[in-house]
Amino acid sequence: MNLALRRALRVTVVMPSLYAALLLIADDPFAALFAAFGCFALLVFADFAGSVRARLVAYSSATVIGALLIALGTVVSEEFVLAAALMVLIGFSIRFLGVLGGAWAAGASAVTLSYVLAATVPGPVSAVDGRVVGWLLGGLTATVAAVALWPAYERDKLRDCIAGAVRAAAALVRAYRDEGGDPAAARARAVEAVDTMRTTLDTTRLRPSGPAVRDRALIALVEGVERLVELVTEDATEDATEETAGVTSDLGDCLGLCDVTAQVLDRAADVLVGSGPAPDYLGLETARSDQLAALVSWTAARLQAGADPEDVISDLEGVFWTRITSYLALGIAADAAIAEGGSAAVSNVTGALHTPVVAFGNLRERITGVLRAHSQLRSARFADAARAGLGLGLAVLVAGLTGVDHGFWVVLGTLSVLRSNALATGRTAFEAIGGTLVGFVVVTPMVIVFGHDAAVLWILLPITVFLAAFAPTAISFLVGQAAFTAFVVVLFNILEPEGITTGIARVEDIAMGAAVSIVVGVLLWPRGARGMMRRALADQCRTDADFLETAMNNVVGQPTDTDAPRTRAVEAGLRAVEAFDQLRTEPGTRPVSEERIADVAVSARRVRGVAELMVAQADLGFVVEQADVRETLRNECGALCEVLRADGGAIAGTGEVPQLADAPPGEVRSAAVDAVVSWGGDGPGVGALGALWAWEWVRTVHLALVRATPGVAAIADSADVPWWR
């Protein structure tokens with residue numbers, strides 16, 4: 001049974017019965033009306049997901065918040081100017097707090113509707129009790145129905161998909177270790193598993209997001225597995241097939257790390273599905289330490305035996321991916337434990353990496369960090385919330401000034417139509433008006449014939465309820481509007497027979513609400529998420545460049561505080577993710593494909609990930625010692641940072657797209673070679689290995705920027721595309 005059908009059947013079973021009980025038995029029309037809309041809104045507009053406990057908490061919280069807003073709305077309902085002003089504040093706050101993700105985002109429309117209904121249906125203060133009681137009964141009914149009637153647990157499916165991708169990643173890592181393994185087949189399975197995982201995440205109704213630690217851990221898991229598979233399929237494919245074969249014959253410990261890494265990944269998958277022991281974090285760290293000692297010893301022996309330094313370094317480059325993979329596996333295992341409600345008692349290395357789970361510390365700090373990241377005009381979430389608040393406030397004001405009957409339909413029309421850009425808002429407005437007209441035409445003959453036959457109207461009510469709940473997601477927005485029009489006409493004619501007058505008022509009011517949406521959409525950020533996406537990506541490029549530069553300073557022996565640059569980079573990344581999520585849900589065509597935008601976003605995340613690993617490298621003491629090597633690395637990293645900043649300028653429309661050679665300059669690798677040769681095997685060699693790893697970081701960043709160039713160019717070219725195209 002699909003989700004739309006579950007939702008429609010659930011509300012069809014309970015809402016008409018509740019409406020009938022309050023109207024026919026309790027004889028309380030206002031309580032019946034608010035109960036009906038409360039039940040419908042919470043089951044259809046919100047429809048919270050998650051475990052039984054999570055649903056109980058979410059529905060109960062939304063019911064209580066809605067009741068408070070109904071009381072407030074009723075108090076100001078006869079002062080439409082004050083009601084409009086409060087609507088701006090409430091509409092903005094509720095939409096903005098949706099950035100916290102989870103139930104905050106899922107319940108935004110339902111909770112907003114509670115105030116809209118109370119503020120636009122004038123009533124004295126004495127009406128508060130009946131309205132609140134009706135809403136509370138509707139919320140209670142919705143809560144019981146959501147838990148008892150055909151619940152769907154999408155998080156279980158998402159966890160299974162993530163666990164499958166983690167296992168596929170483990171098999172991929174192991175394929176390069178096992179003799180006779182089939183890396184090509186393992187790569188294909190891993191890529192397919194990652195695609196399935198991402199698709200499942202993107203189609204989950206209540207996507208994990210916001211500052212809740214378990215939600216953030218799930219998102220971090222998805223990104224971590226994607227990075228790991230991408231790393232192995234690219235770097236290991238290029239280097240490992242031949243170069244590591246030569247190393248393995250003399251240095252089994254190098255790829256022995258792969259065994260432990262794969263075991264940790266398999267155990268992380270077990271944790272996600274609720275079985276098996278916790279990952280062996282200590283074993284992974286021990287294996288990584290053993291590999292490092294073996295690498296140093298093996299390299300020193302080769303150099304002292306007179307081996308060609310180029311051959312030695314090529315072999316070392318061939319196993320570099322195994323160390324990065326082990327770091328990523330550690331983060332994946334920690335995130336898996338946290339996502340399942342446990343703790344990740346891992347080493348200081350994970351803290352140094354600052355994975356998304358721990359980026360803002362405890363819950364209060366995470367909430368503060370997320371809200372701070374979006375409390376600015378360049379945030380897509382802030383713009384969307386401001387647009388919604390002003391649009392709904394203007395709709396309340398228009399309804400009050402015109403004195404229309406059923407003024408809440410004007411505001412409901414605005415709430416339904418308003419989108420994140422003017423073009424999408426216009427299209428949705430056309431569909432809303434068209435759908436309302438269709439619904440009016442369909443329901444009018446029935447109302448004319450049976451408008452005074454209560455029995456027939458009661459028979460029609462569950463039918464129209466089902467269609468209004470099922471059609472918007474299962475068929476189309478236009479059909480959904482038609483069905484909703486039929487539903488409200490039947491509902492109000494049961495309450496107070498008005499014939500086709502209700503339908504005519506519905507058409508007029510929806511048209512007014514749609515007009516308000518179009519005006520607001522044109523005046524406030526008409527490009528919507530498309531424009532915000534460009535700003536967010538430009539900001540992400542610039543902040544990532546700052547973070548990368550400070551990270552390299554630490555690697556080359558110039559200790560620099562990385563906390564502030566890291567925080568700015570993480571916040572910019574949060575804004576970019578929010579803008580991209582909004583963009584993906586916008587209807588219509590786009591001047592730049594999602595794939596090109598994703599290329600730039602993924603490259604930016606890779607740069608930030610490299611910076612995190614560079615900081616970890618410096619914290620572990622692998623700092624470059626030779627002055628000339630330091631200068632070469634600093635200069636090349638500075639040049640890459642300037643390219644990254646230029647990318648940001650091109651995306652923002654203030655500069656040209658920079659061009660990079662396909663490969664980084666040879667002198668950077670030569671400097672790393674010189675560091676290894678100068679070491680010659682005498683002493684611990686951390687400075688030489690630090691130089692070699694720094695070269696690998698430079699190479700990784702260079703390739704990431706090269707891959708992002710077509711996307712940067714496409715986004716830059718779209719700067720001149722008008723918002724109406």
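Here the structure is a predicted model, which is why all the values come from computation and not from measurement.
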With side chain to side chain contact (heavy atoms under 4.5 Å, CB included) as the test, would you mind laying out the steps for T464 and V488 before giving the verdict? CA-CA 9 Å; T464 57; V488 295; over 6 Å; no
If I take atom [atom1] from residue [X] and atom [atom2] from residue [Y], how far apart are they, to the nearest 0.5 angstrom?
| X | Y | atom1 | atom2 | value |
| --- | --- | --- | --- | --- |
| L401 | F80 | CG | CZ | 4.5 Å |
| L43 | R7 | CG | CZ | 10.0 Å |
| L140 | Y59 | CG | OH | 13.0 Å |
| L22 | D28 | CG | CG | 7.0 Å |
| L392 | L86 | CG | CG | 13.0 Å |
| L33 | L23 | CG | CG | 9.5 Å |

Looking at F484 versus F487, is the centre-to-centre ring distance below 6.0 Å? yes
Near-ring test F30/W135, centroid separation under 6.0 angstrom: no
Do the non-hydrogen side-chain atoms of [X] and [Y] ever get within less than 4.5 Å of each other?
| X | Y | answer |
| --- | --- | --- |
| F45 | T112 | no |
| L491 | L461 | yes |
| R387 | R95 | no |
| R575 | Q376 | yes |

Contacts of F92 meeting ring-ring contact (aromatic ring centres under 6.0 Å, His included) (sequence neighbours excluded), chain-then-number -> F96, F382
Partners of F466 by ring-ring contact (aromatic ring centres under 6.0 Å, His included), sequence neighbours excluded? F470
Where do [X] and [Y] come nearest, in terms of heavy atoms and distance?
| X | Y | result |
| --- | --- | --- |
| F40 | A469 | CZ-N, 4.2 Å |
| S60 | L56 | OG-O, 2.6 Å |
| C39 | V11 | O-CG2, 4.4 Å |
| A142 | L42 | CB-CB, 3.9 Å |
| G138 | L18 | CA-CD2, 3.6 Å |
| Y115 | A83 | OH-O, 2.9 Å |

Test your reading of the model: is there a side-chain donor-acceptor pair from [X] to the backbone of [Y], 3.5 Å cut-off?
| X | Y | value |
| --- | --- | --- |
| S379 | S375 | no |
| S114 | V111 | yes |
| R10 | L149 | yes |
| R6 | W150 | yes |

For E79, does the CD atom sit with more than 12 other heavy atoms under 6.0 Å from it, leaving out its own atoms? no
Applying side chain to side chain contact (heavy atoms under 4.5 Å, CB included), run through V57 and S61 and close with a yes or a no. CA-CA 6 Å; V57 172; S61 300; 4.0 Å; yes
Assess whether side chain to side chain contact (heavy atoms under 4.5 Å, CB included) is satisfied between L137 and F34, documenting all intermediate values. CA-CA 9 Å; L137 289 173; F34 277 77; over 6 Å; no
Looking at K157 and D160, does any basic side-chain N land under 4.0 Å from a carboxylate oxygen? no
Please test E571 against H374 for side chain to side chain contact (heavy atoms under 4.5 Å, CB included), starting from the C-alpha separation and ending with a verdict. CA-CA 8 Å; E571 290 181 351; H374 292 282; over 6 Å; no
Can you give each donor-acceptor pair under 3.5 Å made by side-chain atoms of residues 69-78, sequence neighbours left out, with the distance rounded to 0.1 Å?
| unit_1 | atom_1 | unit_2 | atom_2 | d |
| --- | --- | --- | --- | --- |
| T74 | OG1 | I70 | O | 2.7 |
| T74 | OG1 | R131 | NH1 | 3.2 |
| S77 | OG | T74 | O | 2.8 |
| S77 | OG | G123 | N | 3.1 |
| S77 | OG | G123 | O | 3.1 |

